Every structure is written in C-alpha cells, then in structure tokens.
2 protein chains.
Amino acid sequence: MPYDPSAFPPFAVTVDLVVLTVRRHDLCALAVRRGEQPFQGRWALPGGFVRPDEDLAQAAARELAEETGLRAHDPAAPAQDNGAHLEQLATYGDPKRDPRMRVVSVAHLALAPDLPAPRAGGDANIARWAPVEELLQQGGYARDGEPVAPLAFDHAQILSDGVERARSKIEYSSLATAFCPPEFTVGELRRVYEAVWGVALDPRNFHRKVTGTPGFLVPTGGTTTRQGGRPAQLFRAGGATLLNPPMLRPEV
Amino acid sequence: MPYDPSAFPPFAVTVDLVVLTVRRHDLCALAVRRGEQPFQGRWALPGGFVRPDEDLAQAAARELAEETGLRAHDPAAPAQDNGAHLEQLATYGDPKRDPRMRVVSVAHLALAPDLPAPRAGGDANIARWAPVEELLQQGGYARDGEPVAPLAFDHAQILSDGVERARSKIEYSSLATAFCPPEFTVGELRRVYEAVWGVALDPRNFHRKVTGTPGFLVPTGGTTTRQGGRPAQLFRAGGATLLNPPMLRPEV
DNA sequence: GATCCTAGTCGTCTCCCTGACGATAAACAC
DNA sequence: GTGTTTATCGTCAGGGAGACGACTAGGATC
C-alpha cells in the first residue's frame with residue numbers, strides 16, 4: 001500500500017477525560033450532561049476535539065482546565081504542585097462509536113483532590129461529580145431516586161478502564177497522593193485507598209507500611225485534628241513515584 | 001465550542017506496531033526499512049493507515065498479519081492458541097511527528113514466539129528482527145559494524161515505551177509465555193525473563209516460583225532435551241493471566 | 001565405558017514483609 | 001471524669017524470596 005497523500009481516510013480526533021476524585025468515602029468522576037444530539041440529556045465524560053496545532057496531552061490539559069480549572073501536573077515536575085495528575089489512558093476508535101462520523105478518542109485519566117462543585121465548562125454544560133459506581137450501573141436508580149441512564153457513547157467502557165487503571169496504579173506508585181491536598185495525614189491517605197479500592201484497610205498496618213516506604217511521605221512537622229480524634233501528623237508527597245515494595249490490594 | 005460537523009480538523013490515523021520476540025538471548029523487535037521519504041532508507045516500526053471501516057484493534061491485527069503472518073490472539077480466547085499477543089500500547093499525536101501532515105498513531109504491542117525471518121510486508125519493504133538495544137541506541141555502530149541511524153519519526157520513543165510495557169507486564173501477568181512456543185520448559189521461560197529484563201535469574205528459585213504459582217504452568221507430561229543437559233519437563237501456559245504473587249524483577 | 005559438561009530439579013536456611021491484633025495516646029463531646 | 005474517635009507503637013506468627021548446597025539425567029569427549 002504505497003503512500004498517497006491525497007488518499008488517507010480523514011478522522012476526527014478527540015480527547016475524553018476520566019477525572020477522578022475522592023469525596024467523603026466515594027470514588028467520584030466528573031460527568032457532563034449533553035446538550036445536543038446524539039445522546040442529548042445523557043451524562044458523558046468531558047472532552048472535545050483536538051486542535052490542529054496541539055499535542056494530545058495539551059488538548060487533554062486544556063479540556064481539564066476548561067472543565068475544572070485545574071492545571072495539569074507536568075509529569076516531569078517535582079512532587080505535588082497542586083496540579084492534577086494527568087496521563088494518557090487508551091484510545092477508542094470503533095467505527096460506530098459515534099453515529100455522526102468516524103471519531104477516534106484518546107482518553108486521558110486525571111486524578112484530583114476533592115474540589116468544590118465543578119464550574120460550567122466552556123460549552124456551558126451542566127457538570128457534576130458522581131460516584132463511579134452510580135455512573136457505571138446499568139439502569140436502575142441512583143441514591144437520590146433519580147433513574148439512571150447509561151453514559152453516552154462508549155463512555156462507560158472508558159470510565160471503567162480509567163477506574164481500573166487508577167485502582168492498579170495506586171498499588172505500585174505514589175499516585176494516591178494526587179487525590180490528597182498538598183498536606184495530608186496518613187488517615188486521609190488511607191481513606192483514599194479505601195475509597196478507590198472499595199475495601200477497608202487496617203489503620204495500624206497501613207500506617208506502618210506508608211511511613212516505612214522510603215520516599216513516599218515526608219513529614220511537614222505540622223499536625224491537624226480536622227478528622228477528629230487524636231491530632232495526626234501532616235505529610236507531603238515524597239519524591240518517590242514508584243513504590244517498592246508496592247501497596248497490596250487485599251485479596252477478593 | 002458547539003459541535004459543527006463541517007468544522008472538525010481532519011487527522012490521519014495510523015497504527016504502528018512494536019512486535020517483540022526473544023531470539024537466542026536477545027529481546028528483538030521487528031523493523032522495516034522505509035522505501036520513501038521522509039526518513040527514506042531508515043528503519044521504522046511496521047504500521048499503516050487505519051481503514052475507514054475497521055476498528056483500531058482490527059487494523060493492528062491486519063498489519064501484524066501482513067508483516068509477520070501471525071494471527072492475533074483474541075484477548076478473550078483461552079490460553080495459547082499459537083497466535084501472538086496483541087494489545088494497545090499508547091497513542092502518539094505530536095503535531096510535528098510526521099512532516100507531511102497531522103498523523104495520530106495508535107501504537108500496539110505484539111509479543112510473539114521466535115519466528116523464522118520475517119516475510120516481506122504488503123508494501124514489499126525489507127523487514128528484519130533487530131535487538132531492541134541496537135534499535136534504540138543513538139548513533140554508533142551495531143554488532144556487525146554497520147552504522148546505526150535512529151529510528152524514523154518518533155519510533156524510538158514508541159519502541160522504548162513498548163519495551164517498558166513488556167518488561168513490567170511480565171512481572172504480574174503470564175504474558176511471558178507469549179514469547180514461548182506452545183510447549184516449553186521452565187528453562188526456556190526463564191530465558192525469556194532474562195532476555196526481556198536483561199538480568200540473570202537463579203534457575204532454582206525461578207523454577208520453584210513458576211511451578212508453585214497456581215494456574216501459570218500446566219505440565220504436558222512430555223519432556224525434551226532440546227536445550228542439552230538433563231531432559232526437562234514440558235509445560236503449556238495455564239489459564240491464569242494475572243500472577244499472584246507477581247514475579248519480582250531483581251533490584252537495579 | 002569412564003569422565004566431564006550441561007541443564008534441570010529438590011531442599012534448606014535466613015531474612016523480611018505482611019496480616020492480625022493488643023495497647024497506649026491525644027484530642028473532643030457530654 | 002467518662003466515653004468516643006482517631007492516631008500511633010508494639011508484638012507475634014506465617015509465608016515468600018534470595019542465597020546456595022546437593023543430586024539427577026542426558027549428551028559429548030576421550
């Protein structure tokens with residue numbers, strides 16, 4: 001198949017975002033309500049077209065900023081600078097995934113600390129944080145009694161893949177700190193693991209593990225009592241990105 | 001940014017393949033020599049345009065078959081059926097990655113057992129297996145004294161990412177068996193790990209580990225002496241895809 | 001055929017990590 | 001003060017992994 005510059009099939013390329021955060025004790029994702037056909041009125045992941053002059057990562061960072069106001073965390077940047085973690089997730093290109101035209105979507109995964117209610121996106125869509133469990137269930141009713149419709153397009157698959165990526169990545173990397181504010185306690189970090197994995201962890205063993213892993217946590221000297229109970233030490237994320245040995249997700 | 005069907009920027013979408021195999025004691029990748037500009041005469045990864053009616057995975061499987069004659073292994077298929085393992089790797093979309101036009105390439109990773117010399121691809125390019133170490137080195141000379149030019153486009157980055165994916169994935173999955181023929185010995189499997197990781201492993205501990213991991217290996221009853229020395233038991237890949245506990249890559 | 005060489009397989013010992021869980025500490029609400 | 005909550009330290013037993021000795025069973029060599 002010799003190259004013919006006039007003969008390649010044109011595709012639309014978009015980025016879609018799986019933006020995860022932990023609110024109270026739930027793993028939540030950012031969802032926007034679609035204002036147009038197809039899937040009008042249904043919830044979807046935020047996203048948009050890649051512009052002709054921008055890289056995929058730039059496009060994802062731009063969409064993230066438009067939807068949440070978060071600056072993306074440069075992967076090469078040191079430690080926590082209050083930006084969100086952003087990484088490429090996977091690419092979805094089924095010919096029928098968008099009924100209008102051939103769209104290839106490069107999904108990205110963003111992890112952010114708990115944020116105030118999302119601001120309206122560039123296209124003024126309604127946006128909200130919803131527990132991923134609720135977004136992924138097929139039909140049925142949400143906690144508040146609202147009937148639940150599946151996510152638009154193949155976004156349930158994308159969200160599911162993003163959640164699974166997050167679940168496995170906090171095992172062997174320090175990424176769980178991306179869900180925490182700049183300073184956090186061991187207990188807060190433990191609640192992140194518990195929310196993402198959906199399990200209960202032993203506070204004593206967890207404390208021993210994370211404080212004993214070199215480079216994971218750096219004590220700031222301060223303490224806080226915002227969780228109630230005995231004051232807890234505050235930590236910042238250490239320089240380590242890969243945890244060795246990893247955190248172990250309890251058996252099923 | 002309201003949707004305007006006539007106003008999305010058109011992209012070309014391709015699949016590129018990182019096809020890895022283990023030959024003798026080296027991790028090798030499939031490279032093709034480019035017959036045209038740009039990068040004429042340079043080595044590159046095999047790949048091609050995605051057709052208007054095919055999925056990304058289909059396009060990758062088609063390219064793989066065209067270049068190697070390998071059937072792609074259906075991810076949902078049971079165990080080893082002599083097809084290659086194929087999975088999506090990552091997507092590369094820098095605006096300048098191809099000087100001719102805006103191309104987004106969805107790279108895939110394929111793992112295959114040692115094969116005879118590659119047959120000519122659909123576009124009759126020269127293809128060969130080359131040690132990844134040689135393909136990734138910047139300048140200098142290969143083992144046979146040939147001067148080495150860097151891979152075309154951003155293919156060095158793609159290959160590097162693919163190799164890293166393979167290195168980490170054989171830790172916690174049974175994917176290393178994808179590099180082996182349908183029946184293999186523990187020693188052959190160990191040589192796969194040694195080649196991919198570039199380390200030496202203790203044969204006794206390795207043997208204990210892989211034969212003790214449930215679902216990893218199934219004895220076929222046969223033995224072979226093709227490696228010399230005492231005859232070794234033959235195994236097939238077991239049903240397990242995730243290894244728990246994982247294989248541990250020795251510290252650096 | 002005796003010897004060597006090669007690769008495979010089984011065991012043992014020690015160290016360290018982990019899970020289970022007791023105990024104490026330091027805040028707050030009554 | 002008493003109870004409640006969360007944090008933090010300690011102890012102990014079990015298991016996995018690295019280091020390494022020992023034995024096995026073929027082919028190659030003399």
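Keep in mind that this is a model prediction, so the values were computed, not measured. Numbers restart at 1 for each chain; the letters A, B, ... are given by sequence-line order, proteins then strands.
- Mapped onto DNA chain D by nearest heavy atom, B:P246 and A:P203 fall at different nucleotides, with A:P203 at the one closer to the 5' end.
- Below the 3.5 angstrom threshold, one finds no donor paired with an acceptor across the side chain of B:R230 and the base of C:dA7.
- Judged by distance alone, the side chain of A:H155 and the main-chain N or O of A:L45 form a donor-acceptor pair under 3.5 Å.
- At a threshold of 4.0 angstrom between heavy atoms, the contacts of A:R226 with the nucleic acid are absent.
- The nearest heavy atom of DNA chain D to B:M247 and to B:P231 marks one nucleotide each, and the one closer to the 5' end goes with B:M247.
- Atoms CD (B:Q233) and P (D:dT24) sit 17 Å apart, rounded to a whole Å.
- Regarding contacts with the backbone of D:dG16, every side-chain N or O of B:K209 stays at 4.0 angstrom or more from both OP1 and OP2.
- Checking side-chain atoms of B:E188 against main-chain N and O of B:T185 turns up a donor-acceptor pair under 3.5 Å.
- For A:R208 against C:dG19, a side-chain N or O and a base N or O form a donor-acceptor pair under 3.5 Å.
- Closest to the side chain of B:R190, out of C:dG19, C:dG8, C:dT9, is C:dG8.
- Listed pair A:H207 / D:dA7 fails the phosphate criterion, with no side-chain N or O lying under 4.0 Å from OP1 or OP2.
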### Query
side chain to side chain contact (heavy atoms under 4.5 Å, CB included) between A:F216 and A:K209: does it pass, once the steps are laid out?
CA-CA 10 Å; A:F216 194 5; A:K209 184 65 198 289; over 6 Å; no

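- C:dG19 atom P lies 14 Å from atom CZ of A:R249, rounded to whole Å.
- Closest contact between the side chain of B:V186 and the listed nucleotides D:dC20, D:dT8, C:dT9 involves C:dT9.
- Nearest nucleotide to the B:Q227 side chain, out of D:dG18, D:dA7, C:dA7: C:dA7.
- The separation between B:N244 atom CG and D:dG15 atom C1' is 13 Å, rounded to whole Å.
- The side chain of B:L248 sits closest to D:dG18 out of C:dC21, C:dT9, D:dG18.
- Residues B:N205 and B:T185 each lie close to DNA chain C; by heavy-atom proximity, the contact nearer the 5' end of the strand is made by B:T185.
- Using a cut-off of 4.0 Å between Lys/Arg side-chain N and Asp/Glu carboxylate O, A:R24 and A:D26 are scored as not salt-bridged.
- Place B:R191 and A:G228 on DNA chain C by their nearest nucleotides, and B:R191 ends up nearer the 5' end.
- With salt bridges taken as basic N to acidic carboxylate O contacts below 4.0 Å, none links B:R226 and B:E183.
- The CZ atom of B:F235 sits 11 Å away from the C1' atom of C:dG8 (whole-angstrom rounding).
- Regarding A:D202, its CG atom lies at a distance of 11 Å from the C1' atom of C:dG22, rounded to whole Å.
- Remark: P of D:dA19 and CG of B:L201 are 11 Å apart, rounded to the nearest angstrom.
- A donor-acceptor pair is defined here as one N or O able to donate and one able to accept, closer than 3.5 Å; such a pair exists between the side chain of B:R165 and the backbone of B:L89.
- One N or O donor and one acceptor, one from the side chain of B:R204 and one from the base of D:dG21, sit under 3.5 Å apart.
- Closest to the B:P245 side chain, of the nucleotides C:dG8, D:dA17, D:dA25, is D:dA17.
- One atom, OH of A:Y172, and another, P of C:dC17, lie 22 Å apart when rounded to the nearest Å.
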